[in-house]
Amino acid sequence: MDGRPDHESLEKNNGGTGPDGGAGRVQWGQYPLQPPGRAGTTVQTVSRPAVESAELQFTHPAAGDTIAVFDTSAGIFQSSALSTDEPRRRCRTSPRWPSRAFYNGLTVTRVEKDFVVEAGQGADGRGTTIWNGNRYPAETTDKLHHYSGALCAAADASGECASVFYVMETLPGSRLGDAGAHRPDERRRLAGRRGERLPDGGRRTLPRLHRHRLRAGVRREWK
Amino acid sequence: MDAIAQTGVDEAQRPTEPITINSVTITKYE
């Protein structure tokens, strides 16, 4: 995978539709605070209904919480740091915030309609370690999901994370793009469209994956 | 993010018009 999320891995890892079936998004996470600065570009305004949910991702940050502000040539978005456990405390003390200067000047490397926006590759097109030369383990959890607007760290072939990140970006009414497909018939249809064969013939559904993971107490990403 | 998602891309899903990250700032939510 080399740092690039794909439909299948997202389906295995915390995939699923939002509380409103995927129409909404993490409410405060990625507001475009200013219009895009690119001249001659027409941007369609996307109206997203508000979502009320008790889930962690939909919790509005409190004053004083640590957030990251991404200033791009296409506008500004912001995000909080939600870790697997004790998110508030880790926000304040987390050593996992990368060397922020690393990202300055990098470009978005992947935009897949109704799926993800991805960045964080260096000039060589690959992810790199920016935490004192170390990678860090994937922090997957059943508490966080690939809802639209979620800011996520990408795991590479080693299963650990480096510099690459992606933001889920789906349209209201969609089922998180292909990643949100959870019905066997839908999985088979999408796999067929991508020219892939599902190892289980499409019978293994996302809810079954989740139930199994909960029973086993496994937090790591499915391989 | 909606604006970025609407950019044109090539066959490899790379934006045809570069979208640059000017800066990433860690700050306090107000």
Side-chain angles (χ1 to χ4, degrees), chain A residues 25 28-32 35-38 41-46 48 60-78 80-81 97-120 148-149 151 167-171, chain B:
Chain A
R25 62 165 44 201
W28 75 279
Q30 279 85 35
Y31 286 139
R38 291 174 293 165
T41 302
T42 301
V43 177
Q44 177 186 359
T45 300
V46 178
R48 298 181 185 275
H60 199 283
D65 281 354
T66 302
I67 63 171
V69 180
F70 295 76
D71 181 355
T72 79
S73 59
I76 296 175
F77 65 94
Q78 60 186 20
S80 66
W97 284 113
S99 173
R100 300 181 295 277
F102 170 82
Y103 292 103
N104 296 353
L106 296 185
T107 57
V108 172
T109 51
R110 179 188 183 193
V111 175
E112 197 158 339
K113 182 177 173 55
D114 207 14
F115 185 36
V116 296
V117 171
E118 180 182 293
S148 188
L151 172 64
V167 178
M168 298 304 297
E169 176 60 31
T170 60
L171 295 174
Chain B
M1 191 52 66
D2 288 331
I4 297 176
Q6 293 178 41
T7 192
V9 297
D10 61 18
E11 294 178 351
Q13 279 82 47
R14 286 184 171 274
T16 52
E17 184 177 351
I19 299 173
T20 305
I21 299 172
N22 299 320
S23 66
V24 179
T25 305
I26 307 301
T27 185
K28 298 292 185 185
Y29 183 76
E30 298 178 355

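Just so we're on the same page: letters track the sequence lines, and every chain starts at 1.
How far CZ of A/Phe102 is from CD1 of B/Ile21: 9.0 Å, rounded to the nearest 0.5 Å. Separating the CD1 atom in B/Ile19 from the OG1 atom in A/Thr109 is a distance of 10.5 Å, to the nearest 0.5 Å. Rounding to the nearest 0.5 Å places NZ of B/Lys28 at 10.0 Å from CD1 of A/Ile67. Considering CZ of A/Phe70 and OG1 of B/Thr25, their distance stands at 9.5 Å, rounded to 0.5 Å.
Contacts of A/Val117 with chain B are made by side-chain atoms alone, with heavy-atom separations under 4.5 Å and no backbone atom involved.
Shown here for A/Ala74 and B/Ala3, the closest heavy-atom pair between the two residues is O-CB, 3.7 Å. In this structure, B/Val9 and A/Val111 approach most closely via the heavy-atom pair CG1-O, 3.5 Å.
Of the possible donor and acceptor atoms, one in the side chain of A/Ser73 sits under 3.5 Å from a partner among the backbone N and O of B/Thr20.
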